[in-house]
Every structure is written in C-alpha cells, then in structure tokens.
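A short worksheet on the structure shown next.
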Amino acid sequence: MQVTLLTIMEVILMPIVAFIIGLFMVLMMRKLAARLQRRVGPPLFQPLFDIVKLYGKQTQISHGMIHDIGIIMAVGGYVAAEALLPVPGMDGIAAKGGLITLAYLTMVPSLGLALGVGQCANPNGSIGISRALTSMLAYDIPFIIVIFGVAYQFSSTNLVDIIATQQAGGFSTWGISEMPVLAVAGLFAMHASLGKQPFEIYIAPAEIATGPMVEMGGKFLGGLFVMQSFQLYTASVLYVSLFLGGGENWITFLLKSFGVLAIPVVIAYLFPRYRTDDLVRLVWKWPVMLALIGIAFVMN
Amino acid sequence: MSNTDLSNIEVNQKPVAKRSNPFANVFNELVSFCRSRSMFMLHYCTGCGAIELPPAMTSRFDMERLGIQPMVTPRQADILLITGYVSIKTLKRVILTYEQMGAPKYVIGICSCTVNGGMYWQSYATAKKLDEYIPVDLYIAGCMPRPEAVIEGLQQLMAKIKTDEANSWKKYYEHYDYYLGNQQHLFGNNWQTPTDIIGEAKTYQLEGPNTLGEHTKILESVQRPLEPLEMKL
Amino acid sequence: MNNIAFTVALPLLAAFLLPIISNSSKSAARFIGPFVLLAMLGFSLAYFNMLEHPVAIALGGFRPPLGITFHLDNLSLLMASIIPLIMLVLWPYANIEGYREESLLLLLAGSASGLALSGDLFNIYVFYELLSVASFGLAAANRTGAAFAATFRYLVMSGLGTVLALTGIGLIYTQTGTLNLAHIGLLASQLNNPAGLSAFALIVIGIGVKAEIFPVNGWVPEVYSTASPRISALLAGLISKLAVLVIVRLLVVAYQGPEALTLLLVLGMLGIIWGELSAWRSKDLKRMLSFSSIGQLGMVLVAFSIPGEAGMVAGIAMMLHHLVVKPGLFMLTEHWNGSLNKLAGAAKSSPLAAVLFMLFALSLIGVPPFPGFWAKLLLVTGLVEANTPLYLTALAVLLSATVIEAHYLMHTAIRMYSKGKKKQVKKLHQTPFTLTIISVFAVVLITALITMAPLGNKLQHIAAESSDRALYINTTFAARHTPVRKQISLIKQQSKVQ
Amino acid sequence: MNQLDTLLLISLITALISGLGRRHQLIGWATAILLTVQFLALLSISSLGYGGTVIESAVNLTILGQPLSWRFDGLSWFFALITIGAAMASSFFAAGIWAKKYKKHGGNPGLLQFAMSLNVFTMLVLLASGDLLSLFIGWELVSWASLLLMVLAGGIATQWGLRYIVYATAGAMSILAGIGIIYHLTGSFAYADLAAAASTFSTTHVVVLSLLFIAGFGVKMGLLPFHLWQAGAYAETPGPGSAFLGAISSRMGLYAMLIVVFQLIGLGKMIAVEIPFTFLSLRDLLMWVAAFTIIFPTYTALRQNDARYLLAWHGIGQGGYMMMGLLLLDPVGSAGGLLHVFNYATNQAALFLAITAVVYRTHTADLNRLGGLVNRMPLTFLVLLVGIIGLAGIPPMNGFVSKWLIYRSLIIEGMPLLFVATVIGTLGTILSVYKLIHNTFLGQLRLEHEHIREVPWSMLAPMLVVATIIFITGFMPGLVLDWVASAQAALGFTPLAYTLGGVETARGSLDMIWLCGVLFGGFGVGALLFYGGGNKAKRVHQLDNYAGGHFLTADTRYHYSNNFYAGLMHHIGGWYRGTFKWLESSLISIVSLLSGLTQILFHSYHPALFLLITATLSLYFFIG
C-alpha cells in the first residue's frame, strides 16, 4: 500500500515537474531562435504569460464537444505520458508501461488533437492533420527502429532498467557510446517529431494558417501551448533516457535534456520547410538508413 | 451614414468592481498583466503599411522582446492591425475577421488611410473612417508610420491593457446596433457575418442598452440561422 | 434361375412389338413401356436381394467358355436395376402420339441391361451396337436440323469407334482364342504383349466414344445440346456409365498392368482438362453441362485407373454420383435452355428448381457433406495412395478442375439468382412435371447423403467384389472344370504374392 | 448427449428455426435470443476457457470406413466464444428497426438472420472437429455458408461472392490434397496419428504439407497473395452480416491453420527447413508473408473511399498480426496473436456496426459524401471512436494489448525488420482510421444530413455493448488472457504468465490498469484545466470558421475529404501497382485462353480424325 501511495504521489508530481521544465524548454527554444536571428527574444516568463493570457480570454468559441475533448486529450495524454518517463528520484509507473507503451501513449495527444481539429470543420485544419499524420508516419519508422535497437541492446523495454544499465558503467555504457549510429538516427527522428523546421509542413502558417491550430483560440490554444511544453520535455527526456544514461541527478538530467533539445532547435531555425512528400522521402531515406545500420551493429 | 457618431463616445465604462476577495483582485491583475505582455497580432495587410511590420518584428526592432508575436488566424490573435486603406470589399473581410477574434481584442489602425481615408478620401470604393464599422483602440497615423512608431503605438496599447483601460471591444457588443447600421448602410440590408455577435454578447453578459435596435431587427429578418449544431441524441 | 435373361429379352421384345401393338391400341402401347420397365426392375431387384455371392449364368445350357454367360455380381445387378429405374423416371409419359421414342427407349433399355450383365466380349459388342442404334434414333428424336446434324456427327464417330472396338476384340481373340471375359482373365498373361495392349487401347477408344472419353467425344456437346433434355440425361447419365463398365470389366479381368492403367489415366486427365476448361467458357447451360459431363467422365476414368480396390471404389462412387446428378441437371434445361445470360431471374420464376440446381451443383463440386464429396474424397485418397508422379499430377489436375467447375457452376447459379427482365423470367418457369422428375434425383441424392454410412459400406463391398479378379473367374467357371481350376489356384497364389 | 452436443444441437435448431421462419416478422428477435441461448450453452462449458479438459462429443460416425469425431478444447472454446458473441451482436443489431428498413429496400432480414445462424452452426462444427476429415467437412460448410451471407445483397455482391468461392474452393482443394497426402503417410485422418507420425515426415513432406495447408487455410484468412476476394466480399454483405463476417469469418482459417500446421505438423520443423539461396527458414518466410499481409492491405485500405471497404481491407491486414504473433512461437507472441483474434473481432464488429448505423441514416458509406455526423449521431461516433482506437492499437483500448505482446515478442526474439513492418502496418492503420472517422463524423455536416437523428436503441445497444467490451478488455486484459492461456495450452504452447492488468515480466511489463488509471487521470487533469480555467466556451455554427476572410456558405462543400493523404500519396502513390490484381487477371486470361483452345476440339468439323489420331498414338504407346 505504501508503494502504491508513493507511486500515486510520483504520478501526480511528475507531470508538474515536466510542465515547469517544459515551459523553460519553450523559452529556450524561442530564445535560441531569437539569438540565431540576432534578436533579443522573449522575456523569462513569456511562455507563462502566453498561457495565462490565452486562458484569460473573455470570449471563447468552441466548435463542439469533440473540439473540447480534443484539447483535453492533447493535454491529458501528455500528463499521463510523463508518469511513464522516469526522472531522477521518481520512476512513476515506468516499470508498468515501458518503452513501447510510451511510444504509443505519446500518439494519444496527437490523435486527440486530430479529433478536435476535425470537429472544427475547417479545411485548413484537416489538411494540417493529414500532413501531421503523414509526417508521423514518416518519422515514426526510424523512431521505432531506434526503439527496437535500444530495447534489444538492453534486452528490456523497461525504461528504469534501461537507465540503470546505462548508468552502471558511466559514459562507456551509455546508449550513445554503445550505439552511436542509432543515436544519430534517433536524434533525427526526434527532430522530425518536434514539428519544427524543416519538418513543419503541417503548421505552414502562410499556407494553411497553422493547420491544426487554425480554429484554436483562447484556452484551446492555451491547452496547445501546455501540450507543446510537455511535448518538448517528453521528446528530450526520452532521448536522454535512451541514449544519454538518463539523469543521475537533477543537474545532469536538466543539462542533458536541455542540451539535447538545443540541437534540433538550432538546426531548425536555419532551414525552410520541406514539402510533405519531400519530408517523407527524406525521413524514409536517411534516418531509416542510419537506423538500420545501427540495428545491424546492435544485432551483432 | 448613421445618425449618431460614436467614434468619440466612451464605452459605458463599468468600472471594474474591486472584488472583496483580494486574491481574486490579484488574479485579475495578473491576467491583465499577462494580456499586456503577450499580444498576438494579426496584421491584416490591406495596404502599404504592412511593409513596415516585418522590420518591427525582425532583428532590428524585435517585437518579441515585448511579447508580441504575429499570428495567422483571428482565433489566435489579440490585436488586429489594419495597415492601410480599407476598400469596401476588404472591409467586409475585416469585419468578419474582427468578429472571429476572441475578446479582449484590440484594433490598431495604421496609416492615415484608416483614420480618414487618407489619399483615398475621394474614393467611392473606400471606407474612410474605420471606427464607424469596428471600434478602434489606437490609430498610428503616418504615411506610412515607421517601425518605431508602430512599436511606440503598441507600447501605448500595452500600457492601456495593463490598466484595463483598453475596452473598445466592449463597445462593439454594447453598441452593436450602431456598428451594424453603418455596415448595413455600406453593404446593404442583407449583410450578415457568420459570427453571432448578439448571441455572444448574451452569453458573456456584454449586452448594453444599444446592443439591439432597428438594425439588428433588420438583421434578424434576413438572417440565415447561425445556431450552433447541437448534439442530438 | 434364368429369369434374369428377361431383363434383356423382355424390353427387346417389347420394343419390336410396340409398333404393332400401337396400331391396334394406343393406350395399351402407352402402358406397355413402363410395365416392361417395372418388370425389369422387379427381376433385377429380386436377384439383387437374393445374391449372396456372384454367380455366372450360362444361357442356353452351354458351359463357359463356350456359351453365352451373364455375369451377375453386385455391380452388374446394380447397373441393371438402375437402368429401368432411371428409364422410368425419364420415360416420356407425356408423349401420347408416337411410339417411336418408346420403342427406341425399350431397345435401349434391353441392350443396356445386356451390356451390364454380359460376361463375354462378343455379347458386349452386340449389345453395344444395339445400344448405339437406339441412341442414334433417340438423339435425333426431336427431328430438328441441328439434331440431325449432331446425330450424324455422333453416328460417324460411333461407327468408327465400333470398328476400332471390333478390331480390338478380334485382336484379343487372336491372342487368346476366347471372348469370354472370365476365360480371357485366365489367359491374361497372353495379353500382356503389344498386341494385347493394342487391343485394349482400341477397345477403350472405340467404346470410349460412348463413354465420352477424350478426345473421341466431339459429338457430346452437339448431341446433348440438340437432343431433348431427357435423352441427354439418359445418354450422359446412364449410357456413358455402361460403356465405362465394359472398360472396367476388361481392366479387372485382364489388364492390371501399369501400361493399360496409364493409358486410362492420361486419357482421363486430358478429359478432365478439356471438359472443364471448355465448360468454363461455354455460353449456354446445355453445352456447359455436356462439357462438364466430359470432365466428370474423365474423373471416373482417372478413378478406375487407380490400381486395386481403392480405384474401384472411387470409380464406382464417382460413377453413381454422376449418374444421379447429371440427369437431374440436364432435366433442368427443359425450360432453361439458350444463353446463360437469359437465365437471369430463373430463381424468381421457379425457386425450387434453382435450389435443386444448387444442390446438384454443390454435390458435383464435391462440397461436404453431399455424396459428391465422398466420391471425390475416395478419388483423392486413391490417387495419393497410388503415389507416382503421374497420379499426383492427376490429383493436381483434378483439384484445379474442381476450382474451375466451382466457378462456372456458381457463376450460373448467381445468374439465376440475379434480377431478370419480366418477360424473360416468365419463360423460365419450370413445369411441375419436370420439377417432379428433377426432385426424384434430388431425393435420391439426399437419401444417399443421409444414409452415407451404410451406403459407404455397401459400396466398399461392391468394389471389393468387383475388383476381385479371381472371384470373377471363379464365378464363371464351375469348380468341376479341372484345368481351369488349376489356373484359378495359380492366380490366387499370384495375387497373394503380390 | 453431453454439453457439447447440446450446444451444437441448439445451434442447429437455431439455424433451422431461422431458416424455416425466415418470412416471419419476429424471426430476428427469435434468432437473436436463440443465439443468446447458444451463448449460455457455451458458457456452461466455460471450464474449457480456464484450463478445463477436452470435451468429446457423443456423436460418432463412421463413413466409408473413416471415423468422424467432434470435440471441444480451450482453443475451440475461445474461437466459439468470439463467433457466438459476434453473431449475437450482429443479430440483435439486425433484429429490430434495422430490419424494417432493410425489408423496405428489398432485403430479406429473415434470410440474413438465417445465413448468420447457419454460419454460426457451421463454424461451431468446424471448431468442434476432432479429425482431419471432420475438419475438412466443417471447413467447407463454413466456406459455403459464408457465401450465402455474402451474396445476399445481390448485384455487385454476387460478383464478389463468386470471386470468393473460387478462391475458397481453390483453398479447399489445396487442403484436400494435403489431407490426402497425410492419409497416405499415416493411413488415417485422426489428429493423434498425424501428431505421432509428424516427427517421421521427411523435409519434403513437411514443406509440401505446410505449403498446401497454409495456402489453403490462408485463402480464408486473406493471407497474401490470396487476399483479393476478401475486402469486397465482406464489404458488400448487408451491414450486420459484414460485422459478423469481418469479426470472425476469416479467423476460421487461422483456427484450422493452428490445429493442423502449428499443432499437428508442428512449426518447429519449419524452422529447420532452410530455403535455398536465402537466409530464411520456412518459418521466416511465413513471417514475412504475415508482415506483407499486414502492410499491403492496410495501405490499400488507406486509399479506399468507401467506409465498408476500408474496414474490410483492414480486416485482412489485422489477420497478418495474428499470424505474426503465432509464428513467433513463444508464450508472449502467441498470446498476442490469439488475443488479437478476440480484440480484433470486437473492434471490427463495433466498427462495421457503427458504419452500418451511418449507412442506415445516410444511405451511403462513401467517405466523400459524409461528414460532421458527430452532432447528429454522437453515440455512434463514440462506438466508432472506441473501435478505431482499438483497431489502431492505441492505449487504452484492447487492440493495444495484443499488439504490445506481439511487439514485445518481436523484440525478445530479435527480429527488427519484422518489428518495423508490423509498426508500419500500425501507422498505416492509424492514418486510415483517422480518415474514416474524420470523413464521416468530423468536419462539415452536409445540408442533406441536417435533420438526421441518432439510430434507434435497438441498434445502439449492441454497438455500445461491444464498445464496452473493447474498453473493459483493454482495461483488464487479464480477463481475456485467461482464455488465451488455455487456448495456448490446448495448442501446446507454454501459456503466458499474465496478470489482470497485462503481463508482468522482469524486463518489460505492461499493466493496463495502471496505465488506464494514469491516462484517465491525465484526461481528468486536462478536463480540469480546460473546464476549470477560463471562461466557458460558446458553441458556434460550423460556418463561423476561419477561411482566410472568406464567407462560407452551407451549399459549398469545404470538407477536406477526397484524396485525404495527398502529400503521402504524392510520394507513395506510384508504389501501388496492383500487382496482385494483375496476377489474378493474368491467371484468368490464361484459363480463358486455354479454354478457348480446348473448345477448338469440339468445334472441329472432323471429330473422327481425333479418334484415329488417338488410336494411332495409343497404339504407338503400347507397341512403339
């Protein structure tokens, strides 16, 4: 019983931590972008301001119940996913889910969002979703190969085990030093999954008016901002857990997660975007090839 | 043209009642502060003024440091920037767009054209005074105003928002009949936007004595129904 | 004891008397046919019931191998009972005017029973010729130009076939000096040479014209599609089987060597391929059924080509099954003739007929638990047991052919169940009389389905008996005849060694 | 007369009653209730689902010297449960108001009920088969009974039915050949003899037999390349019928394959068989067939514009998962495969019923002619949503659990490429089910659908029950894993060690109870944030929509539905070559050509010539 209670506490705490870290990740992303463009960039609490403002809108419009539920699922799915992602000192229910579950659980928010957007009856939104799902199909293939490689390498799908194994021998047993090729492919896939340039065809503001977000105002958009911070957090922490030995303590954990996230973000703002079919072609070619080579090394 | 000119009439300013709960007050102030520090703008590039916005956003002047970001749809935006002359056809879209924005929403008229028609003041096809059709919070005059001026204007707006003074959007709900009358005068009596302003005003208790009137009656007589699709079992 | 000869004599006599009687009393003439058939049925059933072991009857008191013998075992008596039965069902009761058809039918019945019962090649030849004559007349009975043309085709082929068969018989006679089947069986070793085998080939091909063996069956589609359905049913259902029976008898008594079996197998296989493929493409029901019966006969032949009892039981099962199903199907074409496309709406017009068609079709395809399945199962197991590349090829051919068969039969069924134009649909109505006839076959089929277990045992018993060469010889030759007796014991030893 | 006989008897009686009374008004309800009785009879032998011993039927026949016997074990019981369950759902669905409309449009609901109950009976006979012969008999009965169901709709459905029956017959003949060979090798049709003799089979025999049986049973499963018949045949069946067929019919192929190939011949031998010039063993080859069976049909489904076809194509694809799981041969994978049979059946039943409900109201299943129905048919939407989440294999529905087991096993076994292939299939499924729900229920409501209502309760209730089952078995997969484990035991696999919430192993476990708890907790937090924070949202009309300043009107279609994945198709569109269709049509062309050639013989003017030629040839054969 004690354990259950503790687990529940962790499950409650982990999303809160994730949200806070996620907000800073959003900030970091925007700051980096600004720096790259030789701007000052937003102030420290800008992500929070945005969210509070959006929730504080006086009039809000909704296109129906599914529109609402979409946002709920988008946020809720990530809240749940965070409980599966171990952080230093807290494992949550990572042992009861594991890597595959996490990979699939992170689809729940996207699909919830997709449902909500569909309900809006806005063609831009639908086009956006169609593109988003297409790019999910594109980047999930290398991603899933990477997951297989890691799970096979550590012969476990339990993230706690995977992290423990990596930490056991220091840097030399980290995923990145044992499977460098897979790590590169994983980074690529992670970048694509973030939906930043050059893989943001489904947002394409000038073309389809931010796609899925086209009808989202007020707290709907606020929910999506929350989701974004969770998304950045999940992606980077998952990568850290798979390849960088997770967090020995909070300092290294934060360093690693922010560091990992910085890479795609820096790359992102140097690029325009790919067309959908180009995106698919690119992602199915390079990261998949890398991942397969990586797998070949792992399987030996 | 409509009988009354509202452009200078202040909104029936219900002073924000200080609530007894100090925490609620703090919360309200926090929200107002956040509103002022996070302004998503939709620049409706009707004319030449639009060209001055990119410099305002990019590295030279960097609006983002003030929390101002461009957005692409009215649903997401707080500020509507009308950057130049508004032809009658464009005006329809401007009104549609304005009505689709979520309140609190602010309108900034950039360039002289939005103030009085500017160099198009003789044109038959141009709406001269923007605030006869939608309430405008702030004009930034000039032909065209430089980015510094734009940012200066935005900062003024920020200050007004912070103190809850930028309430022109309430005017639209409270005097909807007036605005609708002007719009009908220009577009004919069949004029209708997809947004149900009256319903919105009722839902959010933003009605004033002048929300409904003769023009809204005309509207009701010609209106295609706009009730949301209810979920039916 | 010689009552069984009446099954041959009575109908032949009646056939010749019928024209005379009909001159004096038409109503008497109408009754005489069915009456004779009933009598035939009575005789053969009586024997069938009494029969405990096969018997040979020497007619005219001459002992075999000199005299005319009738070989009575379960198989021949079964066929002999089926002949009047099926004739009774297909009898032209509605025909009030003429006597020609009745007369020919009686001739056919008499010669057919003769063929089924005969124990020597000469008699077989004679009855076969009689049978041919009767069937020519019947095929042309409806006197249309097309029927005459088709019958001529039939006649030419059949004539040539007879010549070949006669040559074959002659060859056998030169080799063995006898035409009695049992005696031939005794002297089978003398036939195991090119001349003997050639004789077999000639007889198979000659008789094969009636048995619809590939490729001497060029007359089949023409005749069946122009003759009246009753006649087609008779020819396809009954006569072909009798021809096969002759080949089987020869096979059992004298040709157990692999060469003869291979010939049958190859011809059967080709027959299956040719028949089913042609049926697949045919555009009207009658032709389709005739092609299908070519295919089915091919399967029967393949079955008989399997050595030993397994082949016999499979063959008899296939034969009997086809004998029940095909006449039923042919009777359906009474009103469902012409292009297959015109069948649209047939099921609406006479639903019972459509159901019966489905029943026959399913059994023909070999869908369990219908009798056709058990026959096919026997065939399959037999082929696999034989286990040589050629037999396995035959298995493959058989199974592929079944697929094709399923396709064209179901295609037709689906056409029947699709919507048709009103005018067209009216024409497709089956009369109650035809339906009754078809239902008889269906009832037989369903009875067989229900009594499958005892029927199967009986079938195996029949097959065991009729595939027993020693028994056949032993039956014919009385135990007294010493030299023959020696040979019999020798054969028994041989079979034991095998 | 034991309980198994009672079950079969009730089933037969159901079929007979619904057949005889097919014109009666109440026959629908009668059939549904009788099916419920069957279900209860099945429950009376539920000990089989919990590791009970085999129940032998008292009926024994001997035909042509071959004994026929029937029996039920854990595997049969598991499949029978799904069969009767699916039939119940469909039957109840079809019994009420649906039937009236169906009748009005020229259908015969009684005949549909009869066809379904006949299918159930034949399936039970197949599932109960106790030797190869009764297996084959049951197999053929099932094949032909489902033909009846498929052609009921008439028109185009009959063409699909014909296609089906040709494939099915080909499959059956392949099986018959296999059974014949076994009979040759063992001298009997009994399972026990086969199992005993299997170890002595030579490699050639193992290969030939496996291929014959897998091809034969694979036809019904829609295993590549024998899948072309399935989608159309299932899709064109009248609504509830397609739910039933889609849910269970093709799994009969899996059942028979499990019995004969997995259990009796033994897959272990297939691992030993190396395919020359490759690295693959026979089992690997089969796994790749399964993988392609997952991928190709799933991506064909992605291109469908008819909801029923889309689902039916998925049915083929999902069969590949089951194959894949079972071919993995370890406790986890095989449990995944078997569990997927159950899960998929519930998903597919729910989906087909929901689509049937949509068709009931809108008269179309064309994905380009629907949209926005969620406001009009919210409960149907809910059912469809639950169904697609399950079908796509996303938590928290049951489809996820079975797929998880398969993935887990693929990782344990170290098969990366197959793993990727499986996931590619899942991703394709996600894409196409989203298209399904988007194009029917989300987006713009068409003018002509403004006034439609939710379907009546007689249709809703079965749908909701199935949806509930999907959720509950997703929440507590242990409920089904009980049955799966005894089915595994019956098959000779090591049963999976499971918990109520899923699987507990040292290095990677799954606990759906926790997972669902956390997920719904998360949704709760999301809801709290959404409804607790900020003003209440006002519902707006669908025309109040941002379209770049454009005024939308109801008479203009702006629902983005056609060519939904345009970008993806731009890239992979060219990969759809229709190879299998091409193969099929070339086969038909060949047959057609050959039959044209064969007919020449019968058109010849000189048939006697052939007689002489043959005579000469055969004389040459003997003399020369």
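Heavy-atom basis, side chains included; hydrogens, waters and symmetry copies ignored. Numbers restart at 1 for each chain; the letters A, B, ... are given by sequence-line order, proteins then strands.
No more than 12 heavy atoms of other residues, nucleotides or ligands lie within 6.0 Å of CD1 in Ile51(B), so this atom counts as exposed by the packing criterion. Applying the 6.0 Å contact sphere to CD of Glu220(B) captures more than 12 heavy atoms from other residues, nucleotides or ligands. The number of heavy atoms from other shown groups lying within 6.0 Å of NZ (Lys89(B)) does not exceed 12. Heavy atoms of other residues, nucleotides or ligands lying less than 6.0 angstrom from OH of Tyr85(B) number 12 at most.
Between Phe551(D) and Arg93(B), the closest side-chain pair of non-hydrogen atoms falls below 4.5 Å.
Taking every heavy atom of both residues into account, Leu543(D) and Pro194(B) meet most closely at O-CB, 3.6 Å. Heavy atoms only, all atoms of each residue included: His550(D) and Leu96(B) are closest at O-CD2, 3.7 Å. Closest approach of Glu200(B) and Lys538(D) over heavy atoms only: N-CE, 3.5 Å. Between Tyr546(D) and Val72(B) the shortest heavy-atom distance is OH-O, 3.5 Å.
The side chain to side chain donor-acceptor pair (under 3.5 Å) search around Arg308(D) returns Asp306(D), not counting sequence neighbours.
If you measure heavy-atom distances from Thr195(B) to chain D, the contacts under 4.5 Å come from both the backbone and the side chain.
Chain B forms more heavy-atom pairs under 4.5 Å with one residue of Leu552(D), Asn535(D), Asn545(D), Thr553(D) than with any other, namely Asn545(D).
Here Asp544(D) pairs with Arg75(B) in a salt bridge; the nearest charged N to carboxylate O distance falls below 4.0 Å.
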